[in-house]
Engineer: 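Encoded as structure tokens, here's the structure I'll be asking about.
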Amino acid sequence: MQKAHNSILYLDGVSVSFDGFKALNSLSLIIEPGEMRAIIGPNGAGKTTMMDVITGKTKPDVGDILLNGSIDLTKKDETDIAQLGIGRKFQKPTVFESHTVQDNLELALKNDRRAFKMLFAKLDASQYERIDELLETIRLKDQRYELAANLSHGQKQWLEIGMLLAQEPKLLLVDEPAAGMTDAETHETAILLKEIAKTKSVVVVEHDMVFVRELGVKVSVLHEGSILAEGSMDDVSKNERVIEVYLGR
Amino acid sequence: MLSRYLLKKLDISAMWFLAVLAAIALLVPALNLLVPETSAFHLSTYWVVLLGKYACYALLALSVDLVWGYAGILSLGHGAFFALGGYVMGMYLMRQIGSRGVYGDPILPDFMVFLNWPELPWFWLGSDVFAFTLIMILFVPGLLAFAFGWFAFRSRVTGVYLSIITQALTYALMLAFFRNNMGFGGNNGLTDFKDILGFSLQDDGTRAALFSISIVMLMLGFIICRAIITSQFGKALIAVRDAESRVRFLGYKAESYKLFVWTVSAMMAGVAGALYVPQVGIINPSEFAPANSIETVIWVAVGGRGTLIGAVIGAVSVNFAKTWFTAALPELWLFALGTLFIVVTIFMPKGILGLFAGHKIKPFNLSIFGKKSVDAEDGGVGDNNAKSS
Ligand SMILES: Nc1ncnc2c1ncn2[C@@H]1O[C@H](COP(=O)(O)OP(=O)(O)OP(=O)(O)O)[C@@H](O)[C@H]1O
Ligand SMILES: [Mg+2]
């Protein structure tokens, strides 16, 4: 339990099965406060399912999931977990398409989210400033009043990252942020994530090896629902089992 | 820039809409009461009553648009809230008859005397007090909606399943109200009303006043809906409509948002029903008929879902057509209505208003259950279809 105590996220023995198929198989993972961790693994390895169990979308069959070493996430729903400070970017970009870029960010801003408060809520000057900053960061200043539906795939990815930042979470779960991006955009995204990781804990799932290498952080290889190897990108790419199941294909 | 411009424009059109309604609220009574019958500009009482009915339907349509257009809840049971509001008003109107009923009982309505009931049942207590009636018009539909929504939204019943339960709700209420021992007059319902607040319901003046009040309530309903949807709450609500589970991952309790508008909407429908009953002079269980609720949804679809103004335009224009059709070609009305619905959903997904707003006609871009597609229903969180490596 000592390890759990010093961690921001602690998974131990987490299993999930869908109709008998084990998507997660006694998965254990520890993320330290302020750490950025990359998760790689072949299609169907359980990466997205892992994020689902952390964020309350899927309940694990067995296993412990603790935030800050003490808060049991398996007992909470999506809303509560989000409010505890876990933000998530989905594999398939999910922004609110019938809202403008600005409105998407407004909805994501850290705020009192109770329905009655929202009826009378008004953004204050500092929040507008924050949105300006975010728009700068995600390079969507010119698209501010554009409907999110009209953004390119890469821009949607960035908007979703912007929404993630707007929530000011303690822990960010980022599922394939570079998917569908050009090489230049991918590079920008890596820089952005490294910037974010200076102040927050981040878990990034990514297939793009160049991208993961560029992040330069500890890598966990997921395979058939459990961790196969952990270490630097160089270490894991030398690991024979990893080469066998994944890299060498 | 474009959507900002559209928002501004919408505000202007909302102003215009309210101005037109205000003008109608003044003009119709004036043309009826002040212009002599011999003049070509005189508006007959028949029309005042008919337009008053349309105003109530418009308010009902507005309430449906609030939940369907902005929260993605396709209610096929809003007629229940409308009818409940109507029954509350009907109870008051029954008590206003007093000893002028057939049996001349000063307290008991005729049907209770007929059933040999010795005294007023508890749920009729207070129904002779107008102020209490006004409160109950909001409270009864509101409470039912709150209780229903509490269970349905918490257990995350959505889409077609939710629609079916709303339909079952109104159907069950219809069956209940048909029973004599429910205490609401069985299949005859409540009728033979005489006065409201001491004014005769047969008076042109009373009818004109009821008409104007209906329009004012429609305006008020519109203002409330606009206030809700243009607030930060409204932004979150639209987000719930488009990607409910995504909103939860942002830390919003989607069910609270739905429960609030659902309850407000039911109250609006109740007010519409309460204004409808004194104008048509009767309320009976057929107002709970599932077909009524479905028809209301068609008005909204025809006018333009998720536009508020469209709901009003749809309610008035479809009912206008219905009045004409049921007089000229009564057998064909249901076919005409069905055809209209199909044409609108396929070719005019944004309804009549969509045509004016210059939207391109794009079939099927808005599923009737509020989600863009089955895939998006999950908020796109299913993820497994997006292979990106
Ligand atoms: N809701 C579900 N019902 C049934 N099976 C599921 C469900 N969610 C995931 N699975 C299965 O669990 C396995 C792991 O899926 P998951 O999405 O976690 O993989 P992944 O590592 O994210 O893969 P990818 O790289 O393709 O995104 C897959 O075989 C998938 O088909
Ligand atoms: Mg995945």
Side-chain angles (χ1 to χ4, degrees), chain A residues 42-44 48-49 51-52 55-57 77-88 90-100 102-104 106-108 110-111 113-123 144-147 149-150 163 166-167 169 175-176 178-180 206-208, chain B residues 1-8 70 72 154 156 224 227-261 263-264 306 365-366 370-372 375-376 378-389:
Chain A
N43 289 127
T48 300
T49 307
M51 294 201 168
D52 287 345
T55 54
K57 186 182 179 229
D77 69 9
E78 303 97 307
T79 310
D80 293 334
I81 293 172
Q83 288 187 350
L84 282 170
I86 298 186
R88 177 171 179 185
F90 291 89
Q91 181 164 351
K92 182 176 149 217
T94 41
V95 293
F96 303 117
E97 307 224 326
S98 47
H99 277 314
T100 60
Q102 157 136 350
D103 285 347
N104 269 279
E106 278 183 23
L107 280 172
K110 193 178 165 81
N111 233 333
R113 285 173 175 182
R114 279 171 299 172
F116 276 100
K117 289 277 170 174
M118 287 284 283
L119 271 174
F120 307 103
K122 280 235 151 38
L123 293 200
R144 184 176 203 137
Y145 301 121
E146 194 68 60
L147 288 183
N150 301 336
M163 290 166 71
Q167 295 173 64
D175 203 347
E176 303 205 19
E206 190 48 75
H207 275 294
D208 186 329
Chain B
M1 281 294 127
L2 181 73
S3 74
R4 196 26 76 91
Y5 168 76
L6 276 178
L7 263 181
K8 266 224 178 87
Y70 297 93
R154 286 190 149 239
R156 303 196 181 174
I224 291 173
I228 292 176
I229 59 164
T230 53
S231 69
Q232 291 294 104
F233 176 100
K235 283 181 191 166
L237 188 70
I238 290 170
V240 168
R241 176 194 72 189
D242 290 345
E244 182 169 339
S245 60
R246 182 70 182 91
V247 180
R248 288 210 170 87
F249 288 107
L250 281 181
Y252 290 93
K253 284 214 177 304
E255 56 270 26
S256 314
Y257 285 76
K258 294 208 271 188
L259 188 58
F260 178 79
V261 280
T263 308
V264 168
N365 71 346
L366 202 68
K371 316 287 159 83
K372 290 253 150 56
D375 183 34
D378 211 10
V381 218
D383 274 352
N384 291 309
N385 43 3
K387 299 290 180 224
S388 41
S389 52

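Below, chain A is the first sequence line, B the second, and so on; all start at residue 1. Computed from a predicted structure; not experimentally measured.
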Engineer: Counting only non-hydrogen atoms closer than 4.5 Å, does A/Leu123 touch chain B with its backbone (N, CA, C, O), its side chain (CB onward), both, or neither?
Structural biologist: side chain
Engineer: Are B/Gln232 and A/Asp103 packed together at the side-chain level, in the sense that at least one heavy-atom pair is separated by less than 4.5 angstrom?
Structural biologist: no
Engineer: Which of the residues A/Lys122, A/Glu78, A/Met51 is involved in the greatest number of heavy-atom pairs with chain B at under 4.5 angstrom?
Structural biologist: A/Glu78
Engineer: Supply the atom-to-atom distance A/Leu107 CG to B/Arg246 CZ, rounded to the nearest 0.5 angstrom.
Structural biologist: 10.5 Å
Engineer: For B/Ile228 and A/Leu119, which heavy atoms make the closest approach, and how far apart are they?
Structural biologist: CG1-CD2, 4.4 Å
Engineer: Quick one: pull up NZ in B/Lys253 and CD in A/Gln83 and give me the separation to the nearest 0.5 Å.
Structural biologist: 6.5 Å
Engineer: Could B/Arg248 and A/Asp80 be called an ion pair, given the rule that one side-chain N must be under 4.0 Å from one carboxylate O?
Structural biologist: no
Engineer: Using the ring pair (Phe, Tyr, Trp, His ring centres under 6.0 Å) criterion, which residues pair with B/Tyr70? Sequence neighbours excluded.
Structural biologist: none
Engineer: Top residue by heavy-atom pair count (under 4.5 Å) with chain B, among A/Gly56, A/Pro169, A/Pro93, A/Ala82?
Structural biologist: A/Ala82
Engineer: What heavy-atom pair brings B/Gly251 and A/Arg113 nearest, and what distance separates the two atoms?
Structural biologist: O-CD, 3.7 Å
Engineer: Counting only heavy atoms closer than 4.5 Å, note whether A/Asn104 contacts chain B via side chain, backbone, both or neither.
Structural biologist: neither
Engineer: At their closest point, which heavy atom of B/Tyr252 faces which heavy atom of A/Thr79, and how far apart are they?
Structural biologist: O-OG1, 3.2 Å
Engineer: B/Phe249 versus A/Thr55: any side-chain heavy-atom pair under 4.5 Å?
Structural biologist: yes
Engineer: If you round to the nearest 0.5 Å, how far is CD of A/Glu97 from CG of B/Asp242?
Structural biologist: 8.0 Å
Engineer: Does any heavy atom of chain B fall under 4.5 Å from the side chain of A/Phe120, the backbone, both, or neither of them?
Structural biologist: neither
Engineer: Under 4.5 Å, counting heavy-atom pairs only, tell me which of A/Arg114, A/His99, A/Gln167 racks up the most with chain B.
Structural biologist: A/His99
Engineer: Side chain, backbone, both or neither: which part of B/Phe260 has a heavy atom under 4.5 Å from chain A?
Structural biologist: side chain
Engineer: What pair of heavy atoms forms the shortest contact from B/Leu250 to A/Met163, and how long is it?
Structural biologist: CD1-CE, 4.1 Å
